Amino acid sequence: MRLPESPSLADYRRHIERLAADGLAALGDAAGLDALEAARVEFLGDRRGQLLEFQRALGALARDDKPEAGKLFNTVKRQLEAALAERRDQLGRAAGAYRRPADLTMPARPQWRGAKHPVTLVIEEIAAIFRELGFTVALGPEAESEWYNFGALNFPADHPAMDMHDTLYLRDDVLLRTHTSPVQVRTLQRYAPPVRILAPGNVYRRDFFDASHAPMFAQIEGLCIDEGVSFVDLKATLGHFAQRFFGAARARFRPSFFPFTEPSAEMDIECQLCHGAGCPACKGTGWMEILGSGMVHPAVLEAAGIDSEKYTGWAFGMGPARIAQQRYGVGDIRVFYDSDVRFLEQIAE
Ligand code: PHE
């Protein structure tokens with residue numbers, strides 16, 4: 001539809017409005033910068049742009065119509081130019097052309113990097129050693145019932161550990177587990193032997209708070225149940241662990257007592273802070289107790305529904321914070337639970 005040779009004002013208006021609609025659509029929908037440039041040349045170009053024809057036609061209009069037509073022309077031209085600029089901006093932003101270049105002379109902002117807690121590092125290292133021996137990781141709840149924490153583990157009903165002074169109770173029959181041993185029972189209820197698991201987790205005790213005890217601390221439970229497992233396996237496996245983890249450090253077993261193991265033994269390693277000479281961390285003994293262990297009591301196996309005539313096994317409970325204390329030479333175990341970054345940063349890997 002071309003503009004007649006000598007258009008009336010009505011012709012002019014009809015045609016320029018048509019051009020405006022076409023031009024706005026072409027510019028606004030341009031898919032990329034090339035398409036936008038093509039649309040610009042088509043409508044606003046200085047040589048062949050469609051708007052040029054309307055500029056020229058202004059001269060051919062009747063004198064009285066000129067001001068009105070001139071206004072129309074200017075409006076359409078501005079609209080098209082604005083549409084061009086807006087679309088160019090949109091496409092440029094999408095392409096990243098307006099991103100400010102980085103100022104490489106700016107000082108860097110200090111970045112805080114998260115890191116693993118020393119106790120976590122130790123738990124991972126211990127788990128890796130036991131994984132080589134066929135152990136897998138099992139977990140249990142921190143809020144436990146009395147039965148899992150005590151009853152199934154062969155504690156007599158009036159055992160002093162159940163006293164409010166030692167155990168944190170959440171409700172009548174719900175307590176914060178005082179050790180990870182309930183995971184032994186939960187695991188044996190779910191999986192038939194052979195069972196070899198490692199169960200890391202937090203435990204809670206109410207009465208302890210000194211340089212070697214915290215009211216919440218991590219433990220790692222180990223459990224190995226199969227036919228024909230003996231105390232020899234316990235001693236060999238824990239001895240192997242001590243050697244892998246501590247290298248040449250001396251280790252020793254001492255007879256002990258737990259309701260859920262019989263016989264029971266604790267393992268000490270030569271204190272790595274004083275190398276056996278005696279220091280506050282080892283209370284002058286030169287030895288650091290790192291775990292309790294023993295042959296799982298038949299009553300525990302039976303409570304978990306395992307035939308204690310057929311299966312035997314052993315278990316241990318380690319204190320990874322004690323072990324971290326030895327590994328990193330930390331005098332007071334409570335710093336592991338203080339969350340003071342000035343301390344944690346010194347060990348973080
Ligand atoms: N549960 C015991 C404690 O917390 C440790 C332990 C675990 C001992 C397994 C023997 C066997 O002291």
Side-chain angles (χ1 to χ4, degrees), residues 123 125-140 148-156 159 161 179-201 203 219-270 287-320 322-323:
I123 291 172
E125 194 176 331
I126 293 169
I129 294 172
F130 279 92
R131 197 174 299 129
E132 290 174 1
L133 303 175
F135 285 69
T136 52
V137 169
L139 298 174
Y148 278 107
N149 196 78
F150 296 120
L153 292 166
N154 199 36
F155 281 76
H159 194 280
H179 52 182
T180 42
S181 299
V183 185
Q184 290 187 30
V185 181
R186 289 185 175 275
T187 303
L188 291 175
Q189 283 180 329
R190 277 178 70 177
Y191 303 104
V195 161
R196 283 196 209 95
I197 55 119
L198 209 63
V203 304
Q219 268 195 345
I220 306 178
E221 194 80 8
L223 176 69
C224 170
I225 304 287
D226 201 354
E227 287 179 55
V229 176
S230 75
F231 196 87
V232 173
D233 300 296
L234 178 162
K235 214 180 159 203
T237 308
L238 294 178
H240 166 80
F241 161 74
Q243 206 202 352
R244 279 291 303 275
F245 194 91
F246 291 108
R250 289 190 301 155
R252 71 178 186 187
F253 283 89
R254 275 182 297 105
S256 185
F257 175 82
F258 301 100
F260 37 95
T261 49
E262 181 61 32
S264 307
E266 283 173 331
M267 190 164 91
D268 300 339
I269 61 142
E270 189 178 69
W287 294 94
M288 181 67 85
E289 180 204 320
I290 59 163
L291 62 85
S293 65
M295 298 304 292
V296 177
H297 198 292
V300 176
L301 295 174
E302 296 295 335
I306 303 287
D307 181 354
S308 64
E309 294 291 330
K310 186 169 177 199
Y311 294 106
T312 53
W314 53 272
F316 66 81
M318 277 189 210
R322 291 276 185 84
I323 293 172

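Heavy atoms only: backbone and side chains are in, while hydrogens, waters and symmetry mates are out. Everything numeric in this text was worked out from a predicted model, so none of it was measured.
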Nearest-0.5 Å distance that lies between atom [atom1] in [X] and atom [atom2] in [Y]:
X	Y	atom1	atom2	answer
M295	T312	CE	OG1	5.0 Å
Y191	I306	OH	CD1	13.0 Å
T237	R196	OG1	CZ	8.5 Å
M267	W287	CE	CH2	10.5 Å
F150	S181	CZ	OG	10.5 Å
L291	I126	CG	CD1	9.5 Å

* Kindly state each residue pair satisfying salt bridge (Lys or Arg N to Asp or Glu O under 4.0 Å) with at least one member in residues 126-136, sequence neighbours excluded. =>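 Of all non-adjacent pairs touching residues 126-136, those that pass salt bridge (Lys or Arg N to Asp or Glu O under 4.0 Å) are E132-R244.
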* Residues two or more places apart in sequence or in another chain: which of them pass ring-ring contact (aromatic ring centres under 6.0 Å, His included) with F258? ->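 Residues passing ring-ring contact (aromatic ring centres under 6.0 Å, His included) with F258: F260.
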* Knowing that exactly one of R250, R322, R252 qualifies, which makes a salt bridge (charged side-chain N to carboxylate O under 4.0 Å, His left out) with D268? ->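 Among R250, R322, R252, the one that satisfies the salt bridge (charged side-chain N to carboxylate O under 4.0 Å, His left out) with D268 is R252.
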Sidechain-backbone polar pair: [X] side chain, [Y] backbone, donor-acceptor under 3.5 Å:
X	Y	value
S293	A265	yes
S230	V232	yes
E221	A199	no
H179	G317	no

Ignoring hydrogens, what is the shortest heavy-atom contact between [X] and [Y]? Give both atom names and the distance.
X	Y	answer
D226	Y311	C-CD2, 3.5 Å
N154	A299	OD1-CB, 3.7 Å
I225	V229	C-CG2, 4.5 Å
P259	H159	CG-NE2, 4.3 Å
E266	G292	CG-CA, 4.0 Å
P200	A138	CD-O, 3.9 Å

* **Working for side-chain contact (heavy atoms from CB on, under 4.5 Å), residues I290 and F246** => CA-CA 12 Å; I290 59 163; F246 291 108; 4.0 Å; yes
* List the steps and the verdict of side-chain contact (heavy atoms from CB on, under 4.5 Å) for F245 and I323. => CA-CA 9 Å; F245 194 91; I323 293 172; 3.3 Å; yes
* Take I220 and T180, measure what side-chain contact (heavy atoms from CB on, under 4.5 Å) needs, and give me the verdict at the end. => CA-CA 7 Å; I220 306 178; T180 42; over 6 Å; no
Quick one: does [X]'s side chain get under 4.5 Å of [Y]'s, heavy atoms only?
X	Y	result
L153	N149	no
I197	Q184	no
F253	L238	yes
T187	V195	yes

* Would you say the side chains of Y148 and Q189 form a donor-acceptor pair under 3.5 Å? ->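 There is such a pair (donor and acceptor under 3.5 Å, judged by atom type) between the side chains of Y148 and Q189.
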* Asked: Counting only heavy atoms not in E227, do more than 12 sit closer than 6.0 Å to its CD atom?
  ->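 Yes, CD of E227 has more than 12 neighbouring heavy atoms, counting only those of other groups under 6.0 Å.
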* To do: Just do the side-chain contact (heavy atoms from CB on, under 4.5 Å) check on L301 and D307 with the steps written out, would you?
  => CA-CA 7 Å; L301 295 174; D307 181 354; over 6 Å; no
* Kindly assign one of parallel, tilted or perpendicular to the pair F316 and W314, based on the angle between their ring planes and the thresholds 30° and 60°. =>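 Geometry flag for W314 against F316: parallel rings.
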